[in-house]
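This report refers to the structure that appears directly beneath it.
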Amino acid sequence: LIPWTVATQECLDLYKIKDEAIDPGMLGSMFPNPDGSGGSTSAFVNYLRFDDGSVASSIKAGFPQFYDESDIMAGKMELKDSIVVDGETIACSSDMGGSQSDCYNAMKVYFASEPGASEMAGVGQQLYNNAALSREKEQSTVRIRLCMEGGAPECGATSDMVLSYMEANPDKFCSAFGLGPEPYDYPKCFNGGGATGGANGSTDGMSMGGDDTCPAASAKIGGAALLMILVLSSILM
């Protein structure tokens with residue numbers, strides 16, 4: 001496998017490649033560490049409260065003590081009429097003499113201590129893993145596109161590397177360019193979210209999991225990430 005140079009954001013934008021399940025800024029505000037530790041209960045609970053996207057909905061589904069699936073819209077999770085935290089029942093609707101704010105404040109209390117703290121950390125770790133897989137897919141896709149379209153100056157060292165490999169291996173299908181010794185972590189590693197290639201093809205921007213900032217998360221996603229790229233490659237061949 002080739003240690004490809006990481007494509008810059010400009011390169012990804014050129015091909016309109018984006019595969020983010022969650023905004024990296026939002027992820028970082030909730031969970032500063034890829035292992036989910038040190039998370040902000042306020043940011044996490046506010047995300048659950050105000051985001052109805054598929055990622056937030058999947059997280060809510062993992063807390064059936066707080067959420068039920070909507071009777072009207074499949075897959076949409078709604079706050080229960082009441083929840084129980086530390087043995088106390090909190091009403092979540094005005095009809096029951098409470099409010100959603102009361103319940104979300106109680107959820108902050110739940111996630112601040114066990115078992116909620118560990119559950120929240122687990123969510124954070126999974127979000128980082130998913131973000132790393134998404135970023136890896138972006139990098140694989142752009143290399144395949146560069147092969148198919150003969151490179152692009154906007155992609156700098158990544159394009160040069162792809163073209164050099166094409167010249168040295170004319171028998172290779174473009175799908176082979178999706179393979180590489182990734183993973184690397186995102187957004188914590190590589191300067192917190194905008195993974196960019198090193199100048200002049202240096203190893204500073206190599207897509208080879210060489211940043212020691214987040215070794216634990218890298219190890220966890222390696223096998224799944226490689227499997228995903230193999231599937232992508234088989235489709236594009």
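Hydrogens, waters and symmetry mates play no part in the numbers below; they use all other heavy atoms, side chains included.
Side-chain contact check for Met96 versus Asp81: some heavy-atom pair is nearer than 4.5 Å. Within the 4.5 Å cutoff, no side-chain heavy atoms of Met107 are placed close to those of Phe63. Annotation: side chain of Leu146 is in contact with side chain of Cys155 (closest heavy-atom distance under 4.5 Å). At a threshold of 4.5 Å between non-hydrogen side-chain atoms, the residues Ser101 and Arg49 count as touching. Contact of the Glu78 side chain with the Ser70 side chain is registered, since non-hydrogen atoms from C-beta on lie closer than 4.5 Å. For the pair Asp35 and Tyr128, the minimum side-chain heavy-atom distance is 4.5 Å or more. At a threshold of 4.5 Å between non-hydrogen side-chain atoms, the residues Ser42 and Lys108 count as touching. Side-chain contact between Tyr47 and Met26: present, with at least one pair of heavy atoms (C-beta onward) separated by less than 4.5 Å.
Of all the heavy atoms in Ala21 and Ser134, the pair that sits closest is N-OG, 4.2 Å. Heavy-atom minimum distance, Tyr110 versus Val85: CB-CG1, 4.1 Å. The two residues Ile83 and Ala106 have their closest heavy-atom pair at CD1-CB, 4.3 Å. The shortest non-hydrogen separation linking Tyr104 to Leu79 is CE1-CD2, 3.7 Å. Residues Val45 and Phe111 share a closest heavy-atom pair of CG2-CD1, 3.9 Å. The nearest pair of heavy atoms linking Ala7 to Val142 is CB-CG1, 3.7 Å.
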Next on the checklist: Working note: Met120 + Thr41, criterion side chain to side chain contact (heavy atoms under 4.5 Å, CB included); need CA distance, chi angles, decisive distance, verdict.
Outcome noted: CA-CA 8 Å; Met120 177 176 148; Thr41 55; 4.0 Å; yes
Next on the checklist: Checking Glu167 against Val162 for the side chain to side chain contact (heavy atoms under 4.5 Å, CB included) test, could you report, in this order, the C-alpha distance in whole Å, the side-chain angles of both residues, the deciding distance, and whether it holds?
Outcome noted: CA-CA 9 Å; Glu167 183 177 354; Val162 168; over 6 Å; no
Checklist entry - Between Ile90 and Ser82, is a side chain to side chain contact (heavy atoms under 4.5 Å, CB included) present by the stated rule, with each step listed? => result CA-CA 5 Å; Ile90 299 98; Ser82 65; over 6 Å; no
Next on the checklist: Working note: Ser57 + Lys76, criterion side chain to side chain contact (heavy atoms under 4.5 Å, CB included); need CA distance, chi angles, decisive distance, verdict.
Outcome noted: CA-CA 6 Å; Ser57 293; Lys76 179 179 174 60; 5.6 Å; no
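Checked by atom type, the side-chain pair Asn130/Gln126 shows a donor-acceptor distance below 3.5 Å. Judged purely by distance below 3.5 Å, without hydrogens or angles, the side chains of Ser140 and Glu136 never pair a donor atom with an acceptor atom.
Sorted by first and then second residue, the pairs that involve residues 6-38 and meet ring-ring contact (aromatic ring centres under 6.0 Å, His included), not counting sequence neighbours, are Phe31-Phe44.
Using a 4.0 Å cut-off between charged nitrogen and carboxylate oxygen, Lys60 and Asp52 count as a salt-bridge pair.
Although no hydrogens or angles enter the test, the distance criterion places no donor-acceptor pair under 3.5 Å between the side chain of Asn46 and the main chain of Ala43. Under a 3.5 Å cut-off, the side chain of Trp4 and the backbone N or O of Leu179 do form a donor-acceptor pair. With hydrogens and angles ignored, the 3.5 Å screen pairs a side-chain donor or acceptor of Glu69 with a backbone N or O of Gly75. Of the possible donor and acceptor atoms, one in the side chain of Ser159 sits under 3.5 Å from a partner among the backbone N and O of Ala152. Between the Asp51 side chain and the Gly53 main chain, a donor and an acceptor come within less than 3.5 Å of each other.
The local environment of CD in Gln65 is crowded, with over 12 non-hydrogen atoms from other residues, nucleotides or ligands closer than 6.0 Å. Counting non-hydrogen atoms of neighbouring residues, nucleotides and ligands closer than 6.0 angstrom, the CE atom of Met166 exceeds 12 such neighbours. Surrounding CD of Glu114 are more than 12 heavy atoms belonging to other residues, nucleotides or ligands, all under 6.0 Å away. Around CG of Asn169, the count of heavy atoms belonging to other residues, nucleotides or ligands within 6.0 Å exceeds 12.
Distance check, rounded to the nearest 0.5 Å: CE of Met30 to CG of Asp23 gives 9.0 Å.
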